Peer 1: 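Have a look at the structure that comes next, please.
Note that the numbering runs from 1 along the sequence shown for the chain. Keep in mind that this is a model prediction, so the values were computed, not measured.
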Amino acid sequence: MKISLRNGIAAGVVVAAAGVLVAITNYMDNHRVIEIDCQTMVTMNSSLSSIEADLTARLEAEEVATVIGRIDAISLSSLYELQEARALYENASNGAREYIDASRLIEAENTYAELEQQRAELLADAIAKGDLNGILDYAECDVRNSGDVYLDSLVQELIQNAVTPEMCRSEQLRACYDYMVRNYDYAYNYNYSYGSGGKSVAWATAFLRDGYGACNNWSSAFMYVARSLGYEVDLYYGSTATSRGGSVEHYWPVVRIEGTEYVFDPQVEGDITRRTGVISYKRFGLTGADADGKYYFNRIVE
């Protein structure tokens, strides 16, 4: 009986021990599974992050490639789109650059550099000869907008109405000058508010919107048109000579090329044209003594 009891106890202990062993084994197996699952999750998360980063890089690269892909025929007016494409490429992430083929951009930039060199040489020759058309054709091209969406749309509307695709730059500027002389009237225009923009934005908007204005309106409008064609232009204030002698308060636009100032005054040209019936270009591209004899006490407004 004792033996049996002892055997029973021993058996119970064995059973209990076996139970504990099974429990420990199950715990270890479960813990191992958990460890494996955690490792799997870490690996999966790492893979997903890698896939996500790669997808982001590819999408970024596609956006840059789209801008580069728009670069077609390179001309002297291509500077802005080349600068935009280069800036996007330089600011792209390292991951995105791995997927970007920059060869087209580099080729376009090299082509532009060659054209720029030719332009500089042709401009120097035109300046030496005093050839105004050549100077306007080969002046540095840097297209600038006003930053005001409505005004910029009015400026582009005028340019589209005045310019044809086959025109060179000097012809484009002359065509816009002619269009203003023929299609706008002189009258005081106070239908504007300055808002957050400069005076010239308000003056030009009122002129192009309403079809009339005084010298401040005409000159501001021409300044933004010329800037949209790539010229460096400022609005000047002072006085100008009159046909009756003496002078009168006046605003006028000045194009600056290689340090030389050229006066373009479509408002006064309009006055002359209304008297004669023909555009005689008496205020188109005046410089040196011709400009100094007609414009006085000037300062830059904007």
Peer 1: So how far is it from T240 OG1 to E249 CD, rounded to the nearest 0.5 Å?
Peer 2: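 CD of E249 is found 12.0 Å from OG1 of T240.
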Peer 1: G134 and A126: which non-hydrogen atoms are nearest, and at how many Å?
Peer 2: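 For G134 and A126, the tightest heavy-atom pair comes out as C-CB, 3.6 Å.
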Peer 1: Does a donor on one side chain and an acceptor on the other come within less than 3.5 Å for S146 and D148?
Peer 2: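 Short answer, no.
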Peer 1: Starting from F207, can I reach Y194 by hopping between I/L/V/M/F/W/Y residues whose side chains sit under 4.5 Å apart?
Peer 2: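 Cluster IDs for Y194 and F207 match.
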Peer 1: Would a single hydrophobic cluster contain both I300 and L286, if residues Ile, Leu, Val, Met, Phe, Trp and Tyr are joined by side-chain heavy-atom contacts under 4.5 Å?
Peer 2: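 L286 and I300: one cluster.
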Peer 1: May I ask you to test the N191-R209 pair for a side-chain heavy-atom distance under 4.5 Å?
Peer 2: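 Answer yes - side chains close enough.
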Peer 1: Which heavy atom of W218 sits nearest to which heavy atom of G213, and what is that distance?
Peer 2: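 Smallest interatomic distance, heavy atoms only, reads NE1-O, 2.9 Å.
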Peer 1: For the side chain of R169 and the backbone of L229, is there at least one donor-acceptor N/O pair under 3.5 Å apart?
Peer 2: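 Indeed, once roles are kept as given, a pair shorter than 3.5 Å links the two residues.
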Peer 1: Between D290 and K294, is the closest basic N to carboxylate O distance under 4.0 Å?
Peer 2: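 Between D290 and K294 there is no salt bridge, as every charged N stays at least 4.0 Å from the carboxylate O atoms.
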Peer 1: Any chain of hydrophobic side-chain contacts (each under 4.5 Å) joining V201 to V301?
Peer 2: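 Both belong to a single hydrophobic cluster.
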Peer 1: Looking at every heavy atom in both I272 and R283, which two are closest together, and how far apart are they?
Peer 2: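 Residues I272 and R283, closest heavy atoms: CD1-CG, 4.5 Å.
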Peer 1: Before you tell me yes or no, could you show the steps for D54 and R58 under salt bridge (Lys or Arg N to Asp or Glu O under 4.0 Å), namely the whole-Å CA-CA distance, both residues' side-chain angles and the distance that decides it to 0.1 Å?
Peer 2: CA-CA 6 Å; D54 184 67; R58 286 177 181 271; 2.9 Å; yes
Peer 1: If we ignore hydrogens and angles and just use 3.5 Å, is the side chain of D210 paired with the main-chain N or O of Y212 as donor and acceptor?
Peer 2: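 Absent.
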Peer 1: For V233 versus P253, what's the shortest heavy-atom pair and its separation?
Peer 2: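 Taking every non-hydrogen atom into account, CG1-CB, 4.2 Å.
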Peer 1: Check whether more than 12 heavy atoms from other residues, nucleotides or ligands sit under 6.0 Å from atom CZ of F297, and answer yes or no.
Peer 2: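 It does not: F297 CZ has 12 such atoms or fewer within range.
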Peer 1: Relative to each other, are the rings of Y237 and Y251 parallel, tilted or perpendicular (30° and 60° limits)?
Peer 2: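 Tilted.
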Peer 1: Nearest heavy-atom pair of A73 and S78: which atoms, and what distance?
Peer 2: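 In this case the closest contact between A73 and S78 is O-OG, 3.7 Å.
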Peer 1: Could you check whether any side-chain heavy atom of Y138 comes within less than 4.5 Å of a side-chain heavy atom of I127, counting everything from C-beta outward?
Peer 2: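 They are not in contact (no side-chain heavy atoms under 4.5 Å apart), so the answer is no.
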Peer 1: Kindly indicate whether the side chain of L173, heavy atoms from C-beta on, has any atom under 4.5 Å from the side chain of F222.
Peer 2: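 Yes - at least one pair of side-chain heavy atoms lies under 4.5 Å apart.
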Peer 1: Okay, side chain of T287, backbone of E261: is any donor-acceptor separation there less than 3.5 Å?
Peer 2: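 Between the backbone of E261 and the side chain of T287 there is a qualifying donor-acceptor contact (under 3.5 Å).
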Peer 1: Would you say the side-chain atoms of E269 pair up with the backbone N or O of V181, donor to acceptor, closer than 3.5 Å?
Peer 2: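 Checked: no pair found.
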Peer 1: Could you check if a side-chain atom of E140 sits within less than 4.5 angstrom of a side-chain atom of E232, using non-hydrogen atoms only?
Peer 2: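 Answer no - side chains too far apart.
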Peer 1: Is there a side-chain contact between L88 and E63 (heavy atoms, below 4.5 Å)?
Peer 2: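 Counting from C-beta outward, L88 and E63 never come under 4.5 Å.
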Peer 1: To the nearest 0.5 Å, how far apart are CG in L154 and CG in L158?
Peer 2: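 It is 9.0 Å, given to the nearest 0.5 Å.
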Peer 1: Side-chain heavy atoms nearer than 4.5 Å, only ILVMFWY residues, links allowed to pass through others: does that put F264 and V254 together?
Peer 2: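 In one cluster: no.
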Peer 1: Before accepting this row, confirm whether a basic side-chain N of the pair E171/R174 lies closer than 4.0 Å to the acidic partner's carboxylate O.
Peer 2: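 Not counted as a salt bridge, because no side-chain N and carboxylate O are separated by less than 4.0 Å.
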Peer 1: For E109, does its backbone N or O pair with a side-chain atom of R86 as donor and acceptor, under 3.5 Å?
Peer 2: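 No, because the side chain of R86 does not come within donor-acceptor range (under 3.5 Å) of the backbone of E109.
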Peer 1: Nearest 0.5 angstrom please: S219 OG to E302 CD, how far?
Peer 2: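 Going from the OG atom of S219 to the CD atom of E302 covers 12.5 Å.
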Peer 1: Please check this pair: side chain of D137 against backbone of S170, looking for a donor-acceptor N/O pair closer than 3.5 Å.
Peer 2: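 Present.
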Peer 1: Whether the side chain of S220 engages the backbone of N217 through a donor-acceptor N/O pair (distance < 3.5 Å, no angle test) should be reported.
Peer 2: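 No: the side chain of S220 does not pair with the backbone of N217.
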Peer 1: Looking at every heavy atom in both D265 and W252, which two are closest together, and how far apart are they?
Peer 2: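 Taking D265 first and W252 second, the nearest heavy atoms are OD2-CB, 3.9 Å.
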Peer 1: Could R70 and E81 be called an ion pair, given the rule that one side-chain N must be under 4.0 Å from one carboxylate O?
Peer 2: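 Salt bridge: no.
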Peer 1: Could you tell me the separation between the CG atom of D185 and the CD atom of Q267, rounded to the nearest 0.5 Å?
Peer 2: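 It is 11.5 Å, given to the nearest 0.5 Å.
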Peer 1: Taking the side chain as everything from C-beta on, heavy atoms only, tell me whether S280 gets closer than 4.5 Å to T273.
Peer 2: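 Answer no - side chains too far apart.
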Peer 1: Would you find a donor on one side and an acceptor on the other, under 3.5 Å apart, between the side chain of Y231 and the backbone of L136?
Peer 2: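 Yes, the answer is positive, given that a donor and an acceptor are paired below the 3.5 Å cut-off.
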Peer 1: Evaluate whether atom CD of E52 has more than 12 neighbouring non-hydrogen atoms of other residues, nucleotides or ligands under 6.0 angstrom away.
Peer 2: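 No, not enclosed.
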Peer 1: Just so I know, are the side chains of R227 and V155 near enough to count as touching, which here means a heavy-atom distance under 4.5 Å?
Peer 2: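 Answer no - side chains too far apart.
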Peer 1: Could you grab the distance from atom OH of Y224 to atom CG of D152, nearest 0.5 Å is fine?
Peer 2: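 These two atoms lie 9.0 Å from each other.
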Peer 1: Mind running side chain to side chain donor-acceptor pair (under 3.5 Å) on Q117 and E121 for me, showing each step along the way?
Peer 2: CA-CA 6 Å; Q117 179 62 36; E121 293 171 356; 2.9 Å; yes
Peer 1: Indicate yes or no for a side-chain donor-acceptor contact from N110 to the backbone of E107 under 3.5 Å, with no hydrogens or angles considered.
Peer 2: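 Flag not set: sc N110 to bb E107 has no pair under 3.5 Å.
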Peer 1: Taking atom CD1 of I279 and atom CZ of R182, what is their separation to the nearest 0.5 Å?
Peer 2: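 Here the interatomic distance stands at 3.5 Å.
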Peer 1: Are V225 and L151 linked, directly or through other ILVMFWY residues, by side chains that come within less than 4.5 angstrom of each other?
Peer 2: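 Same cluster: V225 reaches L151 through Ile, Leu, Val, Met, Phe, Trp or Tyr contacts under 4.5 Å.
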Peer 1: Are any side-chain N or O atoms of S228 and backbone N or O atoms of N145, one a donor and one an acceptor, separated by less than 3.5 Å?
Peer 2: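 Flag not set: sc S228 to bb N145 has no pair under 3.5 Å.
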Peer 1: How about R97: does its CZ atom have over 12 heavy atoms from other parts shown lying under 6.0 Å from it?
Peer 2: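 It does: R97 CZ has more than 12 such atoms within range.
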Peer 1: Got more than 12 heavy atoms from elsewhere within 6.0 Å of CD, Q156?
Peer 2: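 Yes, enclosed.
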Peer 1: Between F284 and Y281, how do the two ring planes meet: parallel, tilted or perpendicular, split at 30° and 60°?
Peer 2: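 Correct class here is perpendicular.
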Peer 1: Run the side-chain contact (heavy atoms from CB on, under 4.5 Å) test on W203 and N189 for me, step by step, so that the C-alpha distance in whole Å, both residues' side-chain angles and the decisive distance to 0.1 Å come before the verdict.
Peer 2: CA-CA 8 Å; W203 293 342; N189 188 334; over 6 Å; no
Peer 1: Does the side chain of L123 come within less than 4.5 Å of I135's, by heavy atoms?
Peer 2: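 Counting from C-beta outward, I135 and L123 do come under 4.5 Å.
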